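Nothing here was measured: the structure is a model prediction, and the numbers come from that model. Numbering starts at 1 and runs along the sequence shown.
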Amino acid sequence: MGLFDLFRRTRSADPAPRSAATTASETTQDTTPETTQTTTPRSTMSTLTIIGAGNMTRGIATRALAAGHTVQILARDAEAAAALAAELSGDVTTGPVDAPIAGDVVVLALPYGAALEVAGQLGQALAGKVVVDITNPVDFATFDSLVVPAGSSAAEEIAKAAPEAKVVKAFNTTFAGTLVAGEVAGQPLDVLVAADDAAAKAEVIALADSAGLRGVDAGPLRRAQQLEAVGFLHMTLQGTLGNTWSTGVKVLGA
């Protein structure tokens with residue numbers, strides 16, 4: 001079960017459709033250099049490894065496969081990974097979570113607690129890899145706060161757990177169903193990307209661009225604190241917006 005699946009199952013008795021909607025939530029653009037879009041070449045990545053078998057894995061894998069990348073799906077439940085792969089179109093392999101990692105870019109498509117645990121468990125297997133944290137570390141007991149320490153973020157805590165990995169924050173402001181579609185209201189999804197390693201950030205932005213999305217440079221990894229706040233707000237707005245889970249956060253005018 002993915003993060004957004006867990007949130008909406010607990011918050012609402014109504015299942016959330018996966019189709020794209022015609023409504024987009026908008027944010028205003030920060031004009032500082034940290035949040036200006038960076039033009040990058042097409043991703044040179046050949047294989048993307050995704051750890052997890054939920055709907056966010058489905059969404060990210062769909063976009064990567066549409067871009068012609070090979071996708072490896074690893075999960076604690078290897079049967080769930082295989083079942084998901086069977087529903088996707090393209091070059092997909094699967095395995096248990098401790099299988100050899102094929103991709104140079106690894107997406108932790110797990111709830112925050114599980115992502116933190118897996119990052120620590122895999123240790124050296126993630127050394128030198130670009131590790132993408134997509135989580136919003138919501139306190140699911142209260143739905144009123146994030147569970148990371150003050151002045152930190154899920155991405156920064158994961159970076160501590162996997163110190164030899166190049167941790168990147170991305171995809172936490174996009175919902176699973178909108179990723180499958182790749183757009184909301186005719187607009188390509190914005191993928192806000194934060195990292196301290198410039199090459200790792202550029203690779204994830206290029207991955208998003210190659211998949212028909214728009215990668216936006218959101219600054220250093222500490223900007224994950226603000227990105228996670230935006231992701232949390234986007235989630236809490238779903239009740240007001242009809243619980244469709246099909247809205248998008250979009251920077252316009254750039």
Colleague: Could you give the distance from OG1 (T173) to CG (L227), rounded to the nearest 0.5 Å?
Modeller: 7.0 Å

Colleague: To the nearest 0.5 Å, what is the distance between OG1 (T57) and CG (L84)?
Modeller: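 Between T57 OG1 and L84 CG, I get 6.5 Å after rounding to 0.5 Å.
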
Colleague: Drop me the distance from L221's CG to K201's NZ, to the nearest 0.5 angstrom.
Modeller: 9.5 Å

Colleague: Are any side-chain N or O atoms of Q226 and backbone N or O atoms of A218, one a donor and one an acceptor, separated by less than 3.5 Å?
Modeller: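 Checking the backbone N and O of A218 against the side chain of Q226, no donor-acceptor pair under 3.5 Å is found.
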
Colleague: Using side-chain heavy atoms (C-beta onward) and a distance below 4.5 Å, is I158 in contact with K169?
Modeller: no

Colleague: Please find the pair of heavy atoms, one from Q238 and one from H234, that lie closest to each other, and give the distance.
Modeller: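 Heavy atoms only, the tightest pair is NE2-O, 2.9 Å.
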
Colleague: Please list all pairs passing the side chain to side chain donor-acceptor pair (under 3.5 Å) test where one or both residues lie in residues 92-109, with sequence neighbours left out.
Modeller: none

Colleague: What heavy-atom pair brings A194 and R223 nearest, and what distance separates the two atoms?
Modeller: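 Here A194 and R223 meet closest at CB-CB, 4.1 Å.
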
Colleague: Relative to the ring of W245, is the ring of F175 parallel (under 30°), tilted (30 to 60°) or perpendicular (over 60°)?
Modeller: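 Tilted.
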
Colleague: Compare all side-chain heavy atoms of V251 with those of V216 and state whether any distance is below 4.5 angstrom.
Modeller: no

Colleague: Are T247 and V184 side-chain neighbours, meaning at least one heavy-atom pair lies under 4.5 Å?
Modeller: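 In short, these two side chains do not touch, never coming nearer than 4.5 Å.
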
Colleague: Of the non-hydrogen atoms in G52 and A75, which two are nearest, and what is the gap between them?
Modeller: C-CB, 4.2 Å

Colleague: Are side-chain N/O atoms of T47 and Q72 paired as donor and acceptor at under 3.5 Å?
Modeller: no

Colleague: Do V191 and L207 come close enough that some side-chain heavy atom pair is under 4.5 Å?
Modeller: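 Side chain of V191 against side chain of L207, heavy atoms only: no contact under 4.5 Å found.
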
Colleague: Might you confirm whether atom CD of Q121 has over 12 heavy atoms from other residues, nucleotides or ligands at distances under 6.0 Å?
Modeller: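 Yes, the 6.0 Å shell around CD holds more than 12 heavy atoms from other groups.
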
Colleague: Any side-chain heavy-atom pair from P188 and L213 closer than 4.5 angstrom?
Modeller: no

Colleague: Any sub-3.5 Å donor-acceptor pair from E203's side-chain atoms to V130's backbone N or O?
Modeller: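 A pair under 3.5 Å: no.
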
Colleague: Are side-chain heavy atoms of Y112 and V148 found at a separation under 4.5 Å?
Modeller: yes

Colleague: Could you check if a side-chain atom of L179 sits within less than 4.5 angstrom of a side-chain atom of T62, using non-hydrogen atoms only?
Modeller: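 SC-SC contact between L179 and T62 ruled out.
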
Colleague: If you look at every heavy atom in Q225 and S152, which pair is closest and at what distance?
Modeller: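 Distance-wise, the nearest heavy atoms are CG-O, 3.3 Å.
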
Colleague: Do side-chain atoms of R214 reach the backbone of D209 as a donor and acceptor pair under 3.5 angstrom?
Modeller: no

Colleague: Could you pull out the closest heavy-atom pair between V168 and A195, with the gap in Å?
Modeller: CG2-CB, 3.7 Å

Colleague: Which distance, rounded to the nearest 0.5 Å, do you find between the CZ of R58 and the CD1 of I50?
Modeller: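 Separation between the atoms: 11.5 Å.
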
Colleague: Can you see which heavy atom on V167 is nearest to which on A159, and at what distance?
Modeller: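 Shortest heavy-atom contact: CG2-CA, 3.6 Å.
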
Colleague: State the CG-CD distance between L252 and Q187, to the nearest 0.5 angstrom.
Modeller: 6.0 Å

Colleague: To the nearest 0.5 Å, what is the distance between CZ (F232) and CG (L237)?
Modeller: 10.5 Å

Colleague: Quick one: does any side-chain atom of N172 pair with a main-chain N or O of N136 as donor and acceptor, under 3.5 Å?
Modeller: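 No; judged by distance alone, with no hydrogens or angles, the pair does not exist.
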
Colleague: With a 4.5 Å limit on heavy-atom distance, are the side chains of L108 and T135 in contact?
Modeller: no

Colleague: According to salt bridge (Lys or Arg N to Asp or Glu O under 4.0 Å), does anything in residues 106-128 pair up with another residue at least two apart or in another chain? List the pairs.
Modeller: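 Passing the test, one end in residues 106-128: R76-E117.
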
Colleague: Please evaluate residues V249 and V230 with respect to the criterion side-chain contact (heavy atoms from CB on, under 4.5 Å), reporting the C-alpha separation (whole Å), side-chain torsions for both, the decisive distance (0.1 Å), and the verdict.
Modeller: CA-CA 9 Å; V249 175; V230 171; 4.3 Å; yes

Colleague: Between the main-chain N or O of V147 and the side-chain N or O of D139, is there a donor-acceptor pair closer than 3.5 Å?
Modeller: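 A pair under 3.5 Å: no.
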
Colleague: Out of T49, V105, L122, V106, which residue meets the side chain to side chain contact (heavy atoms under 4.5 Å, CB included) rule with K129?
Modeller: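 Single pass found, and it is V106.
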
